[in-house]
Amino acid sequence: MSENTNEIDVSKLTFEQLNKIREYLKKLIDNGGSDLHVKANGTIRARINGKIVPFSGSIYTKDEAMTLAKEMLRARYAELIENKEVDFVYQYDEANRFRVNIFFQMDGPSAVFRVIPMTIPTIDEMKYPESIRTFTNETRGLVLVTGATGSGKSTTLAAMIHEINVNKKNHIITIEDPIEFVHKDKGCIINQRSVGQDTLTFQRALRAALREDPDIILVGEMRDRETVELALHAADTGHLVFSTLHTIDAKETINRIIAMFPVDEQNRIRVSLAGVLKGVISQRLIPTVDDKRVAAFEILVKTPTIEKLINENRDYEIRDAIEKGREHYKSQSFDQHILDIYNTGVISKEKAKDYATSAADLELKMSGLNSGKATNHNGESPEDRDLSTVDEDIFDLK
């Protein structure tokens, strides 16, 4: 079978390579790892507690990698040849599933296997901040979960959907690529759709969802303008929409969404986003002193002040507003939460500063000092401006 042949004769496959990789997947599971990396002309490696470690001492050849792709994809092998990458879910056994991406790189095919926990975590089990549970009680609007790949966005979304499923009586539609956590109907009806298998695109599924009587729509990722526009429309027409973005914090999330659109449309999108946004949950996983990882959260809770800042393009003040709203609105910045974690002794001072939004400000807080000055793009601090133009709760130190 040539690598350029799109059709696969399954009867000629021995599945020797798949069985070999299954042994490495078992090793990954036993070591509590999150990802297995299989690269043509490279060694097999794994990510354990956030670090890449070697799993094999021998080179995995291009021919072996190509055969593995054929054994795993079978009829979908033609899709790999055409699109150069394929996402799917691999069921290892009854207790373990993996999200898999097979793609071409300069030396041949590579594959990354991401562990998908079979048990859906709860908000209580994950010890999430209580404001995350609060978002599940919203009836309409947009809630975004953001962070780097592997920061736990899917787990947070699954926990929130589970919370709704147990406590509400709603219709939930999820649009994912691929489906990771599988939800069973409890109080809710849950229809989970996989892009490529159950629908052609996020946009088609999201457009169709509006005609399928949903209360809640989960969009696996807002990748483009059309998806963003549809999500904003769904949130504005009485639905609760959850989605994700690969952004580092709440301020960048807002900027990223608006920047997706041409300049002449940005004001309209800014107004729409300010109106429907309910919250942004941003996540970072920080190495702990015992070589594990702990999640730090920045949580934006939409308040009249936040809405005004978004509307008036004063995004540079958002982090300050988040911090000032902690007592009343249960919002928090990364630096506030990282300081809390540091004070428990779970992370070192060095790691706390490495993952902080502002290492200098965090160090001042660690010392019991706080500059307290948020500056805008002109270098002004709020104290330097006419306070009569600013909402009171930004400066309400309680």
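Only heavy atoms go into these numbers, but all of them, side chains included; no hydrogens, no water, no symmetry mates.
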(request) State, without any angle test, whether K186 and N167 hold a side-chain donor-acceptor pair at a distance under 3.5 Å. (result) no

(message) Looking at every heavy atom in both L157 and F242, which two are closest together, and how far apart are they?
(response) CD2-CB, 3.8 Å

(request) For I248 and R284, work out which heavy atoms get closest and say how close. (result) O-NH2, 3.4 Å

(request) Check the side chains of S56 and T43 for a donor-acceptor pair under 3.5 angstrom, ignoring hydrogens and angles. (result) no

(message) Under a plain distance cut-off of 3.5 Å, with no hydrogens placed, do D340 and Q332 share a side-chain donor-acceptor pair?
(response) no

(request) Please check if any side-chain donor atom of S333 sits under 3.5 Å from a side-chain acceptor atom of E323, or the reverse. (result) yes

(request) Could you tell me whether the side chains of T122 and D124 share a donor-acceptor contact shorter than 3.5 Å? (result) no

(message) Do I161 and F181 sit in one hydrophobic cluster, given that two such residues count as connected whenever their side-chain heavy atoms are within less than 4.5 Å of each other, even indirectly?
(response) no

(message) For G33, is there any backbone N or O sitting under 3.5 Å from a side-chain donor or acceptor partner on N31?
(response) no

(request) Decide yes or no for H171 and N191: does some side-chain heavy atom of the first lie under 4.5 Å from some side-chain heavy atom of the second? (result) yes

(request) Decide whether N96 and D93 meet the rule of one side-chain donor and one side-chain acceptor closer than 3.5 Å. (result) yes

(request) May I ask you to say whether R193 pairs ionically with D177, meaning some side-chain N is under 4.0 Å from a carboxylate O? (result) no

(request) Mind listing the closest non-hydrogen atom pair of N165 and D185 along with its distance? (result) OD1-C, 4.1 Å

(message) Closer than 3.5 angstrom, by distance alone: can the side chain of D335 be matched with the main-chain N or O of S358 as a donor-acceptor pair?
(response) yes

(message) What I want to check is whether the side chains of T136 and E163 have a donor and an acceptor closer together than 3.5 Å.
(response) no

(request) Using only heavy-atom distances, determine whether the side chains of S243 and E221 contain a donor-acceptor pair under 3.5 Å. (result) no

(message) Any donor-acceptor pair under 3.5 Å linking the side-chain atoms of N49 with those of D291?
(response) no

(message) Does either side chain, that of R45 or that of Y24, offer a donor lying less than 3.5 Å from an acceptor on the other one?
(response) no

(message) What verdict does the salt bridge (charged side-chain N to carboxylate O under 4.0 Å, His left out) test give for D63 and K70, after you've listed the backbone C-alpha separation in whole Å, the side-chain angles of each residue and the deciding distance to 0.1 Å?
(response) CA-CA 11 Å; D63 286 343; K70 294 172 181 177; over 6 Å; no

(request) Start with the C-alpha gap between E79 and R76, add the side-chain angles, then the distance that decides, and say whether salt bridge (charged side-chain N to carboxylate O under 4.0 Å, His left out) holds. (result) CA-CA 5 Å; E79 186 181 336; R76 293 189 67 186; 3.0 Å; yes

(message) Within the 4.5 Å heavy-atom criterion, are F88 and N101 side-chain neighbours or not?
(response) no

(message) Could you check, using the six-membered ring where one of them is a Trp, whether Y128 and F297 have ring centers closer than 6.0 angstrom?
(response) yes

(request) Establish, from distance only, whether the side-chain atoms of Q192 and E176 form a donor-acceptor pair under 3.5 Å. (result) yes

